[in-house]
Amino acid sequence: MDLKKISVIISREFVTRVKKKSFIITTIVTPILFVALMFIPSLVMLYSEDTGEVKKVMIVDESGCLENAFEGREEIDGYRFIVQEYFTIKEARSMFDSLGVYALVGVSPMDENGNVTAVSYSRSKVNVDFQRLVTENISKVFRDLKLSKYDIENVDDLLSDARYDVPLKTITIDDEGKDKVDIVEIYMAISYVATFLIYIFIFSFGSMVMRGVIEEKTNRIVEVIISSVRPVELMLGKIIGVASVAITQCCIWVVFIGIIVFGVKSFIGFDQVQEVLAAQQAAGTEQVVGMESLSSIQQELAGDPEMMEIIGMIGDINFGFIFLSFVLYFILGYLLYSSMFAAIGSAVENETDTNQFMMPVTIPLIVGLVMMMHTFNYPDSSLSFWGSIIPFTSPMVMMARVPFGVPMWEYALSLGLLAVTFLGITWLSAKIYRTGILMYGKKPSWKDLWKWIKY
Amino acid sequence: MNNIISCKNVVKRFGSHTALNSVNVDVPEGKIYGLLGPNGAGKTTLIRIINHITVPDSGEVVFNGHPLTSKDVLDIGYLPEERGLYKKMKVGEQAIYLARLKGMSRNDAMEELKKWFVEFGIQSWWNRKVEELSKGMAQKVQFIITVLHKPSLLILDEPFSGFDPVNAQIVRNQILKLKENGSTIILSTHNMESVEELCDNITLINKSNVVIQGSVDEIRREYGNNHVEVLYRSQSPAAISGNGQVSVISDEEYKSVRRMVLGVDGKIVSSELLGLLVSNNIDVVSYRELMPRMNDIFIKLVTQGK
């Protein structure tokens, strides 16, 4: 291996790609899109409330029981409920357009068993949330009514006592035997996003390597180059060059997203959250929520204990370790797949011929992605275990497991196997590559590739 | 004379196909060596072996007295038949990149390139992308890239293809100049005229085997019929007497003079033959040995094998 020549190749691969318009555009646009995806839903909610976009819903109450059903909380989730008993449902239906309401809900008179039926009319289709909202609120009234008929003592106290949701707090026991409060949803989200990013990165940068190899072959420059450097040096130079493009892009994105998120947060006024987070992390991640030494901001927020708890949990997540794992699994996974992509590129003369060889390479990638959908729900199942150990799926499946915590030996085994496999596959790929790049004419078959390995 | 490169019993197989069957080639230093053969004969495989791109299954390649190693490619310049450049890269940048892969420093490459660009009068191409160049222009750039690092051995595979006659002449002169400066050149081409004009020695490969090898003049003589063409001024056919070794094969009017082909038994000694003509009072306008064209020898040898 001539490291000086490889470095010349790496720098060409890097510089020509980084200078491309498409690189500059994706580098700038992606973080903006990413942040937009993060914030637009909350912005929409924020502003839709502010502009008073409340949907009026008229409840036509023929049963006469719903007078107080919405008392004190006429506005729920963006709907305003108005109960009236003067029209019949039929009358209200005929006047629908002049009522100026989003929906009209008719509740029938009670039958002999105290049951009613309800019907809703609207111009646009109502969503599930709306249906749940209406049935829950109306049902509650009639449930109470029915219970009160049984002539039970202190029925009101009983009812308010019985109406009870169990709040669930999930706690995991960490390696030192201490309790750690966690939120499964946050782990799931991190697991999902990280895995998906690895998949996209491996795929897009792997095929970038492949396109580069095909380009050199169809340009017919490759023979000139390999009269100066060994084919394996050219292949590794290209793979590492593209990897450095990926890492550069990733770093720019992290910085960019950081800046934009910070900017947007301070704009919407969420910056307290940020500061609490920072304070929490500075104070050490072990301590849970607002126990001592509350800063003034923490005191401000202390009124909302749930919020404080979430913030504490976010502080508990070992972002450093997750990021390290992400980098390790991305790099090793990329190296494993990109050498296969390079071998495919060397065997064909244009991109449309790649299909038959792409299948076996993309299938494990996709299997890894599908497994991840299972893993982030069941991080400790045996499927998740094996998926995270077997090298071709491990970059994705292990990444999905990492946020939930993985035993050190499994982690080490998975990384070790991945590294060994990468070396083996690169060795095989290099053999296909060095023959493939000089082959023109007939489209090769799998048998040909096997022959090339043996040359 | 030293051989810059010697291939000894080189064998290369691809699966069941034998591309080179125990090939011996010695390329003397400072000469232009022709490597000839029909398509698919094994020329490109041999060239790739000399370039250390492929490794022979058996046999030995000796470069300047030592077995060929990957380091030696820095002293070889190779212009492949199937050649190209990165289309989206600028000419100058690309030339520097390829020169650096041949071990030159950026500054040396820059300096040498400038000289060559001036020599070829193409300074204005430096910042143009290759895709903006015509085929011939790109070929010029490629030629420069091949010779830039002053290799002692140059391997040129069809160097004239894609050039118009003017540019082909420029390249031909550059090749001769490189030879003058001490470079050895292996020339692989189907253009037999340039073989006759440029090559000192040749090897003809057909179906993986060396068919003929040696100096161009000797080969042509060997395959000739010892014929001599004489143009002379006369109204009627001349008669030659006094030497039983010379016979007239044909004699006809040729433009304003007459053309006579003589057959000679044994070796032709021009001074004796001319003396004979003079003694027969023949008014000689031109005299030349009729050597077969390389083209004819090539076709004869290649079709013979079938």
Side-chain angles (χ1 to χ4, degrees), chain A residues 1-2 4-17 19-23 211-234 237-238 241 349 431 433-442 444 447-455, chain B residues 12-17 19 40 44-45 47-48 50-55 57 70-90 93-106 109 129-131 138 141-142 145-146 148-149 151 153-155 157:
Chain A
M1 289 290 160
D2 188 332
K4 211 178 123 206
K5 283 184 189 170
I6 295 181
S7 70
V8 172
I9 295 170
I10 292 172
S11 71
R12 191 203 83 89
E13 297 293 335
F14 178 78
V15 171
T16 51
R17 288 196 168 75
K19 276 205 237 156
K20 268 189 194 160
K21 271 198 202 104
S22 56
F23 174 84
R211 279 198 303 275
V213 173
I214 295 174
E215 184 203 2
E216 278 167 1
K217 194 178 168 181
T218 46
N219 274 353
R220 316 260 165 165
I221 195 178
V222 72
E223 195 162 351
V224 175
I225 296 176
I226 61 165
S227 69
S228 308
V229 302
R230 292 169 57 200
V232 65
E233 291 169 343
L234 175 60
K238 185 173 288 292
E349 279 173 66
K431 290 193 147 208
Y433 178 84
R434 61 161 198 214
T435 309
I437 42 173
L438 294 174
M439 291 287 177
Y440 292 100
K442 200 177 127 262
K447 222 174 114 191
D448 292 323
L449 295 199
W450 179 241
K451 264 200 292 188
W452 297 351
I453 289 178
K454 292 193 293 184
Y455 275 167
Chain B
K12 180 71 188 176
R13 289 191 191 86
F14 295 107
S16 60
H17 171 69
T44 307
T45 307
I47 287 174
R48 283 179 182 162
I50 295 171
N51 268 307
H52 209 262
I53 292 174
T54 18
V55 182
D57 296 334
S70 56
K71 286 253 180 301
D72 295 322
V73 298
L74 299 185
D75 207 12
I76 299 176
Y78 176 35
L79 183 68
E81 184 180 5
E82 297 286 2
R83 50 187 172 249
L85 296 165
Y86 290 113
K87 290 196 170 53
K88 303 269 174 202
M89 232 176 146
K90 286 178 182 161
E93 211 181 323
Q94 180 149 216
I96 288 176
Y97 170 65
L98 293 168
R100 289 180 74 196
L101 290 183
K102 279 286 186 194
M104 291 180 93
S105 73
R106 179 178 281 278
K129 283 184 179 171
V130 171
E131 60 190 352
V141 175
Q142 273 160 341
I145 289 169
T146 311
L148 192 71
H149 60 291
L153 176 63
L154 271 169
I155 303 174
D157 199 344

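Residue numbers start from 1 in every chain, and the chains themselves are labelled A, B, ... in the order their sequence lines are given, proteins ahead of strands. Treat the numbers as computed from the prediction; the structure is a model and nothing was measured.
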Could you tell me whether the side chain of A:Lys5 and the main chain of A:Ser228 form a donor-acceptor pair under 3.5 Å? yes
Under 4.5 Å from any heavy atom of chain B - which part of A:Lys19: side chain
Please state whether the side chain, the backbone, both or neither of B:Gln94 comes within less than 4.5 Å of a heavy atom of chain A. side chain
A:Tyr440 six-ring centre to A:Lys217 NZ/CZ under 6.0 Å and within 45° of normal: yes
Could you tell me whether A:Glu215 and A:Arg211 make a salt bridge, using a distance below 4.0 angstrom between a side-chain N and a carboxylate O? no
Under 4.5 Å from a heavy atom of chain A, the part of B:Glu93 involved: side chain
Name the region of A:Val229, side chain, backbone, both or neither, that has any atom closer than 4.5 Å to a heavy atom of chain B. side chain
Which atoms of B:Leu74 are under 4.5 Å from chain A, going by heavy atoms: the side chain, the backbone, both sets, or neither? side chain
Going by heavy atoms in the side chains, are A:Tyr433 and A:Val232 under 4.5 Å from each other? no
Ranking A:Arg220, A:Lys20, A:Arg230, A:Glu233 by heavy-atom pairs under 4.5 Å to chain B gives rank one to A:Arg220
Less than 4.5 Å apart, any side-chain heavy atom of B:Glu81 and any of A:Glu223? no
